Amino acid sequence: QAQLVESGGGSVQAGGSLRLSCAASGFTSNIYSIGWFRQAPGKEREGIATVFIGTGLTYYAASVTGRFTISHDNAQNTVSLQMNSLKPEDTAMYYCAAKSLFDGGNWNDPATYTYWGQGTQVTVSS
């Protein structure tokens, strides 16, 4: 079992920045990719970025491309999400999630991820 713990959420004004971190522990050797998802009240959980651990390949949702950057630190076993030029519509609970090679599926499909963190709240005011 792998465990994921997010940190770094908070409140910021529009145009500001936040950096989220996801620390992985436990049985992490089978983790193939780690993604960031967000869910606003009344909305579906949305995949916003992912990084494939072995290759470093990244994917982003169109809504965050050019503003958010996902990165992986092998030594620290953490995945970070740098969020710049934040907008009020970025307000949501943010989750990191991990999947193994055998989970398959699209990178932005939350149903294909096995491990989830508890979430961290991001609030952007106008």
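The figures that follow rest on heavy atoms only: side chains count, while hydrogens, waters and symmetry mates do not. Note that the structure is predicted; figures quoted are calculated from it, not measured. Residue numbers run from 1 in the order of the sequence given.
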Would you say [X] and [Y] are hydrophobically clustered, going by side-chain heavy atoms of ILVMFWY under 4.5 Å?
{"X": "Phe37", "Y": "Tyr32", "result": "yes"}
{"X": "Val79", "Y": "Leu4", "result": "no"}
{"X": "Ile31", "Y": "Tyr113", "result": "no"}
{"X": "Trp36", "Y": "Tyr115", "result": "no"}
{"X": "Trp107", "Y": "Leu57", "result": "yes"}

Distance-only donor-acceptor pairs under 3.5 Å for side chains of residues 13-21, two or more places apart:
unit_1: Ser17; atom_1: OG; unit_2: Asn84; atom_2: OD1; d: 2.9
unit_1: Arg19; atom_1: NH1; unit_2: Gln82; atom_2: OE1; d: 3.1

- Hey, mind stepping through His72 and Thr78 against side-chain contact (heavy atoms from CB on, under 4.5 Å) and telling me if it holds? CA-CA 6 Å; His72 178 241; Thr78 59; over 6 Å; no
- Message: Classify the ring geometry of Trp116 against Tyr95: parallel below 30°, tilted from 30° to 60°, perpendicular beyond 60°.
- Response: perpendicular
- Task: Side-chain contact test, heavy atoms from C-beta onward, threshold under 4.5 Å: evaluate it for Glu46 versus Gln39 and give yes or no.
- Result: no
- Applying side chain to side chain donor-acceptor pair (under 3.5 Å), run through Asn77 and Ser25 and close with a yes or a no. CA-CA 8 Å; Asn77 234 4; Ser25 62; over 6 Å; no
- Item | Residues which pass side-chain hydrogen bond (donor to acceptor under 3.5 Å, both in side chains) with Thr112, listed by chain and number, not counting sequence neighbours | Lys99
For [X] versus [Y], what's the shortest heavy-atom pair and its separation?
{"X": "Tyr60", "Y": "Ile70", "result": "OH-N, 2.8 Å"}
{"X": "Ile48", "Y": "Arg38", "result": "CG2-NE, 3.7 Å"}
{"X": "Gln121", "Y": "Ala92", "result": "NE2-O, 3.4 Å"}
{"X": "Ala40", "Y": "Thr91", "result": "CB-O, 3.8 Å"}

- Show the numbers, then the answer: is there a side-chain contact (heavy atoms from CB on, under 4.5 Å) between Asp90 and Met83? CA-CA 10 Å; Asp90 293 319; Met83 306 186 296; over 6 Å; no
- Query: Are Ile34 and Ile53 close enough, and set up right, to give a side-chain contact (heavy atoms from CB on, under 4.5 Å), and what steps lead you there?
  - Reply: CA-CA 7 Å; Ile34 293 181; Ile53 302 304; 4.3 Å; yes
- Task: Show your reasoning for whether side-chain contact (heavy atoms from CB on, under 4.5 Å) applies to Val51 and Tyr59.
- Result: CA-CA 7 Å; Val51 59; Tyr59 289 99; over 6 Å; no
- Message: Are there over 12 heavy-atom neighbours, none belonging to Phe52, within less than 6.0 Å of that residue's CZ?
- Response: yes
